[in-house]
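Everything below concerns the one structure shown next.
The shown structure was predicted, so the numbers you read here are calculated from the model rather than taken from an experiment. Chain letters run A, B, ... following the sequence lines, proteins first and then strands; every chain starts at 1.
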Amino acid sequence: MTLLPPDADTVPDPWQAEPAADPLLAGLNERQLAAVQSRAEALLIVAGAGSGKTSVLTRRIARLLRDRELWPSQILAITFTNKAAAEMRERVGHLIGHEAAQGMWISTFHSACVRILRREAQQFGMTQAFTIYDSADSRALIKRIVKELQADTLGLTVSAVAGKISRLKNELIDADAFARQYNQNDPTEVMFLEIFRRYTAELTRANALDFDDLIGQTVYLFRAFPQVAALYQRRFRHVLVDEYQDTNHAQYALIRELTRGVRPEHVPADTRIETDATGAIPPAKLTVVGDSDQSIYAFRGADIRNIVEFERDFPGAEVILLEQNYRSTQTILDAANAVIANNFDRIAKNLFTAVGAGDKITGFTGYSQHDEAQFVADEITTLHDGGMPYNQMAVFYRTNAQTRALEEILIRSAIPYRVLGGTKFYERAEIKDVMAYLVAIANPADALAVRRILNTPKRGIGPATETALAMHADELGGTLRDALSDAAALKLGPKVTGAMLELARILDEASATIETALVPDIVTAILEKTKYLELLRASRDPQDEARAENVEELVAVTREFQKNNPEGRLVDFLTEVALVAAADDLDDSSGTVSLMTLHTAKGLEYDAVFITGVEENLLPHQMSASEPGGPAEERRLFYVGITRARKKLHLSLAMTRSTFGDTQVAAPSRYLQEIPAELIDWRDSPGMGMRGGSGQRQLGSSKPSFSYGTSLPPGKPKTEWANRVTNTVRDNGDLTLEVGDRIRHDDFGEGRVTGVTQNGAKSIAEVQFDSAGRKRLLIKISPIVKL
DNA sequence: GAATCTGGTATTTTT
DNA sequence: TACCAGATTC
């Protein structure tokens, strides 16, 4: 490791003499300053949580541009999410002016690769309009293949196959490479190889790439076509990668390819880039930022070695450690440090702050997940009453399934919230249907998309006809679309034949317009011609009304897209949709509490954070126990969650948790014991005092002894504070309450109304319950009766 | 070929 | 609990 590259001293730097005079260096600490100014060929910034790494990264870029060391187009910055990319672009623009920042590539690995691949598609025999298969698409395809080969008899499930293919691709092992190393004596492996081969062939035939291919195919492109690689190696003179600890092998390989020098034969005579004595162009500079303690994507192939072995991979690399935290209180950092210290194979790192101790962490143990959720809702209300805006609070959980109880209670408590990620809009069946139409229009070779819409809406083309079509496509040596246009040759009934020809005509007509037509026009035309929306409206299934609304929402999305991208065409829209991530649609301006998984929380920060379900088998998750390095990764996940909090951290758990349908006793997470007891202020459920459970109280007070299993009485106590929330949809109609009214609540018992906010169906009552404390309730749907 | 019913099975995290 | 696949019936 060199401390400072020699040329830092020889290049005159007008700003270096008086750093304070440079606004881009103002307010930085010594380490941050070094990171912003470093001129190393390769720089690793080890940035602890909250250490201002985004600030460092944006200032580093801004400085390169402002001082004319590089043109914007020579910079490639890779972020983990599109949202992070947008934020970085915004911040750089803010520092040096938005025009000066035009032309940079700031995007995710996947977006950058799609951009390159669309441009170079013909090099590897695909068309520019290739489809991007998301995981659900991949699974659908694998499912069909598994079925055809009856691979389930060998114990090969769809998810197992999908997982294995993904893992192999992340290691840059394709079907052929796998064929060279697999165990030929194992029938399961033989079968797997066959599935892998067919899957690959089907993708190629469909002119489609799956998520993992986007990276792998780009690496392949660069390795197979040096002159193409040279194009990008010449162009990007500085590559920056954020969240480097979460890169997998394929992404690492991509970075390696991009930061290779260009051989003289690939350097054009008129190049304006400096060449060395041999006429070659030196490698691009590389800056990576990461924190091995925040590596939480090993399950997706992230390889922590990429960061640990950075100095070996890039000789002469400079390493700068950022440890001062500007986000959290010392109490929160003490807890985080204490937890992460239990991961033994890490480089010691201790976050510190000048902020001061701050509030203690609030701990809470509820009877049930509903009880826990009520605690979260009550705390949120208290904090909000104290002046903290809703959008400065976030609730984290390990699994998406945990949102249900939280949502129920938040709705009842009239707390505005939004769920990031989870069952996404684009995963809904009706949206996938319409998207399949768009995909089929953009990429006629995509058989998966055509199959999906073949009989949607119902037009009498069943499985038998579908098989006949597929066979006919093989005979023709063409695509499913070709077979559809030639449906008459199948000699089926006039009704079916007519339906197929009609569909073919609709698709062909739309396909003819994609180069010029606006996206909203294409969608509305399709909905019109297929009567998709019309049929949903006419349906007597009550859910279809909501589906119709969703489809309309999609049309609105296309309008919004077109507004933001006047030049955007169908393919661009499909790309954008395929690559949106959970955290991307985060809208900070909305005054709502954010709910998300711990994974989604990475990179974000809030004044108040609630980490829920801190229980064994949930955090750490049951499934992680069997995986090597699982518990350590779960600990990092907990660490990531803790370090998101600026001022106030809440850790909560439930003694029982219902999954599947039955309720199980839950034990507190092992990670709780790792936090020094004096940092946590344990609070009891209001219901606990009523049961006279001094044992419980003691347990909750400081040093949990973790023996709920024995202390929990068999059979739930029927107290007023029942540990359940009725899940029937209650509609109180136009029930009106006034201050002073007595009411009874199914869960909280009796209480007196102390305040009412009149707002039609959204009227909120503030109630002082006799034993359960003060609550805010949405009158219309709360399980209450007036007494 | 479509609609309805039933029983079995599964939930970790995501670009 | 909730969804899916397969069987049964129209």
Side-chain angles (χ1 to χ4, degrees), chain A residues 78-85 107-114 132-136 138-140 143 147 152 157-159 162-163 166 169-170 209-216 243 246-248 250-251 295-302 396-405 420-424 427 429 454-466 492-493 495-496 499 539-541 575 577-584 596-603 613 617-627 630 633-634 636-638 640-641 657-663 727:
Chain A
I78 302 287
T79 58
F80 199 66
T81 62
N82 293 302
K83 150 113 174 131
S107 68
T108 61
F109 270 108
H110 295 267
S111 301
C113 286
V114 170
I132 301 163
Y133 279 11
D134 65 17
S135 350
S138 300
R139 294 175 69 101
K143 190 173 179 178
K147 209 174 207 172
D152 51 336
T157 64
V158 174
S159 59
S166 179
K169 286 188 174 184
N170 283 331
L209 295 172
D210 69 20
F211 252 125
D212 302 311
D213 286 335
L214 295 179
I215 315 291
E243 308 284 9
D246 283 323
T247 51
N248 59 36
Q251 291 165 334
S295 166
I296 54 173
Y297 283 98
F299 71 94
R300 211 170 69 189
F396 302 155
Y397 36 82
R398 177 68 234 273
T399 69
N400 282 305
Q402 290 170 252
T403 53
R404 251 173 238 150
L420 302 185
T423 307
K424 278 165 271 169
E427 284 169 14
L454 216 45
N455 202 27
T456 315
K458 302 268 181 285
R459 45 171 78 86
I461 307 173
T465 315
E466 185 181 323
L492 294 167
K495 216 170 157 186
V496 190
S539 160
R540 52 190 178 80
D541 183 342
T575 302
V577 170
L579 299 177
V580 287
D584 289 344
M596 68 192 86
T597 64
L598 284 161
H599 283 89
T600 306
K602 193 176 70 161
N617 295 332
L618 198 55
L619 187 69
H621 196 277
Q622 216 167 342
M623 295 293 178
S624 72
S626 54
E627 287 162 23
E633 172 141 326
E634 298 283 306
R636 289 194 292 270
L637 194 55
F638 187 44
V640 166
R657 191 167 290 273
S658 328
T659 40
F660 295 109
D662 59 0
T663 306
N727 55 3

Rounding to 0.5 Å, atoms NE2 (A:H599) and CG (A:L637) come to a distance of 4.5 Å
Protein-nucleotide distance (A:I215, atom CD1; B:dT15, atom C1'), rounded to Å: 8 Å
Rounded to whole angstroms, how far apart are CZ on A:F396 and C1' on B:dT13? 14 Å
Inter-residue atom distance A:L214.CG - A:L209.CG, 0.5 Å rounding: 6.0 Å
Which nucleotide, B:dT12, B:dT14, C:dG6, lies nearest any side-chain atom of A:K147? C:dG6
Over how many whole Å does the gap from A:R657 atom CZ to B:dT11 atom C1' extend? 14 Å
Nearest heavy-atom approach of A:E634 to A:S624 is CG-OG, 3.3 Å
Just to verify, what does A:H110 make a ring-ring contact (aromatic ring centres under 6.0 Å, His included) with, not counting sequence neighbours? A:F211
Counting side-chain heavy atoms from C-beta on, which of B:dT13, B:dT12, B:dT15 comes nearest to A:N400? B:dT13
Give a yes/no on whether any side-chain N or O of A:T597 is located under 4.0 angstrom from OP1 or OP2 of B:dT12. no
Is the base of B:dT13 stacked against the aromatic ring of A:Y297, taking ring centres under 5.5 Å apart and planes under 30° as the test? no
Heavy-atom donor-acceptor pair, A:H621 side-chain to B:dT12 base, under 3.5 Å: no
Report yes if the ring of A:F299 lies under 5.5 Å from the six-membered base ring of B:dT14 with planes under 30°, and no otherwise. no
Less than 4.0 angstrom between a side-chain N/O of A:T81 and OP1 or OP2 of B:dT15, yes or no? no
Using a strict cut-off of less than 4.0 Å between a Lys/Arg side-chain nitrogen and an Asp/Glu carboxylate oxygen, indicate whether A:D210 and A:K169 qualify as a salt bridge. yes
Select one nucleotide: of B:dT12, B:dT14, B:dT15, the one nearest the side-chain heavy atoms of A:M623. B:dT12
Of the listed nucleotides B:dT15, C:dA2, B:dT12, the one nearest the side chain of A:R404: C:dA2
Aromatic rings A:F80 and A:Y297: how do their planes relate, parallel, tilted or perpendicular, breaks at 30° and 60°? tilted
Mind listing the N/O atom pairs, protein and nucleotides 1-4 of chain B, below 3.5 Å?
unit_1, atom_1, unit_2, atom_2, d
B:dG1, OP1, A:T465, OG1, 2.9
B:dA2, OP2, A:N455, ND2, 3.3

Tightest non-hydrogen contact, residues A:N455 and A:G460, listed as OD1-N, 3.1 Å
